[in-house]
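Report on the structure given below.
Both backbone and side-chain heavy atoms feed into the values below; hydrogens, waters and symmetry mates do not. Residue numbers start from 1 in every chain, and the chains themselves are labelled A, B, ... in the order their sequence lines are given, proteins ahead of strands.
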Amino acid sequence: MNPLDPRILGEWWNTFLRGLGLAEGWIVFINGLVVTLILLGFGLTSVIFLIWLERKFAGRIQDRLGPNRVGPYGLLQTVADALKLMTKEDITPDNAERVTYNLAPGLAVFAVLMLLVVIPFGPGLIGVDLNIGVLYIVAMGSIGIMAALMAGWASNNKYALLGGFRTVAQLLSYEIPMVLAMSVPVLFAGTMSMHGIVEKQARFQWFGLIMPAAFLLYIISALAENERTPFDLLEAESEIVAGYHIEYSGMKFAWFFLAFFLNTLILSAIAATLFLGGWQGPFVEQVPILGVFYFFIKTTAILLFFMWVRATFPRLRIDQMMALAWKVLVPMGLVLVLLAALVVKLPIPGLLQNLILFVTNIAILLFVLGAVGRHLRKEAERYKVRYQVSGIR
Amino acid sequence: MVLQAIFILVALFTIGCALMVVLHRNLFISALFLIASFFGVAVIYVLLEAEFIAVAQILIYIGAIATLIVFAIMLSRGMMTGRTSPRNAQALWAGLGSVILGIALLYVVAYRVQWPVVQKDVPADAIARLGSALVGRYVIPFEVASVLLLAALIGAVMIAREKEV
């Protein structure tokens with residue numbers, strides 16, 4: 001018996017509950033309640049830390065200190081900010097559609113929190129191992145879109161409405177490459193269950209290493225789905241002020257903020273699960289609790305990458321953003337899915353399959369980058385000619 | 001017992017939302033109620049242990065269809081704030097016709113159709129079987145639907161395309 005194995009701990013807990021003489025239905029109920037509370041507590045408190053991390057990390061990248069006044073290393077800054085937001089006056093615009101206006105922030109957080117259920121934190125540590133886990137993630141994403149639309153419309157503000165339009169246009173467009181990228185590991189693993197996908201990535205057969213192009217495709221679409229730079233034109237201050245949450249203040253704004261950071265965390269966790277082997281790593285077989293450690297290391301690495309991008313990149317124009325989704329990412333995703341489907345069915349050993357996939361992925365990546373680079377150079381040339389003709393330098 | 005109570009609650013919620021879709025005076029709110037009613041249907045699928053269909057329902061009906069409807073309403077001028085009346089001169093006859101049609105349909109569904117009933121758990125590879133059925137036995141309807149969608153896609157591109165000067 002290994003006390004460090006969460007599965008055995010779970011068994012022990014169930015036996016303990018049965019020993020108390022509870023009916024099977026009650027045990028299911030209590031376990032559900034406990035898991036829900038743990039996930040909620042984890043999700044909501046991790047956001048406080050995440051906001052601090054993002055500000056500190058971005059600060060260091062941009063040669064600043066970041067928050068450093070409240071608590072050691074400014075650790076309590078977010079707590080102070082949260083308290084400030086809670087005590088702020090709650091303003092509802094006169095012409096807002098009240099019910100929808102108040103429903104939208106809650107729905108935004110709901111859509112993200114629901115995703116925590118299918119994330120495998122370690123061997124046996126998963127809320128519910130749905131056999132349609134990946135599809136469930138995609139479906140919940142569409143509820144988030146509705147929240148943004150509702151907020152944009154109910155505020156009765158033209159900037160909010162424009163922000164809502166942009167949100168739908170962007171999230172719908174980038175959902176397609178994201179689903180294509182996610183279906184590549186699903187095809188390769190032969191299952192949609194998050195736990196099953198992790199188990200297929202044992203012995204460093206991480207799908208992100210075998211198929212770097214699919215991994216990159218997922219990362220780019222995740223940045224867009226999360227409304228992060230360079231895709232943050234949904235809340236571009238210089239164009240539409242703050243986008244769909246312009247009218248929200250105090251706690252309701254905090255809810256959108258919460259949904260945003262929680263979404264970053266969960267998209268990183270999904271990336272770690274689908275492409276970096278989740279809780280797989282050395283000695284996980286012997287000491288399963290190490291899996292939790294590996295999972296968080298991988299998630300944090302992707303998280304820091306997202307923050308790095310946000311701290312350094314400028315914003316895309318809306319036409320560039322749409323062109324990138326439909327003319328580059330979607331065709332690339334379709335080719336990758338086709339490729340994975342073909343290679344998986346080839347009657348050759350697994351190692352050779354991996355090698356073929358790796359080589360073709362790199363080739364696709366080089367081809368796409370080359371094509372985009374050529375296009376951008378041509379466009380730059382065109383602009384130069386146009387400005388010289390009209391006399392503007 | 002508990003399941004039955006949940007089912008009744010969810011069914012009432014779904015029907016209530018569906019009624020609000022036709023009765024509410026604001027078109028945008030009607031669309032939001034439509035989404036709520038889709039969600040209720042998804043919960044009923046979950047109660048029937050058809051998780052895949054439930055998630056597909058959310059993905060396709062809420063994620064795609066409802067979003068498109070809401071988008072269309074938002075882009076039509078005056079539809080957002082205007083209060084449209086759900087009734088017109090033919091309200092009485094339309095209501096009567098719907099009630100009679102509804103009763104007739106319910107009668108047929110409840111008494112005339114032999115529903116195949118299987119007292120077994122859902123097999124673990126239900127999704128795999130569904131997939132094989134789609135590209136095996138039901139391949140022609142599946143492909144016809146794909147061709148239809150492709151035609152719609154090409155049509156949309158043709159309409160939206162910039163005119164060459």
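Contact of A:Ile145 with chain B is made through the side chain alone, with heavy-atom distances under 4.5 Å. For B:Ile35, the part sitting under 4.5 Å from any heavy atom of chain A is the side chain, from C-beta outward, and nothing else. Only the side chain of B:Leu32 comes within contact range of chain A, with heavy atoms under 4.5 Å apart. Neither the backbone nor the side chain of A:Leu103 has a heavy atom closer than 4.5 Å to any heavy atom of chain B.
In this structure, OG1 in B:Thr14 is found 10.5 Å from CG in B:Leu9, a value given to the nearest 0.5 Å. Between atom CD of residue B:Glu143 and atom OH of residue B:Tyr138 there is a gap of 16.0 Å, rounded to the nearest 0.5 Å. Atom CD1 of A:Ile119 is separated from atom CG of A:Leu39 by 9.5 Å, given to the nearest 0.5 angstrom.
Ranked by heavy-atom pairs under 4.5 Å with chain B, the first of A:Met146, A:Met140, A:Glu175 is A:Met146. Comparing B:Thr67, B:Leu59, B:Val2 by heavy-atom pairs within less than 4.5 Å of chain A, the highest count is held by B:Leu59.
Taking the six-membered ring wherever Trp is involved, the centroid distance between the rings of B:Tyr107 and B:Tyr111 falls below 6.0 Å.
Aromatic ring orientation, A:Tyr101 versus A:Tyr248: parallel (interplanar angle below 30°, classes split at 30° and 60°).
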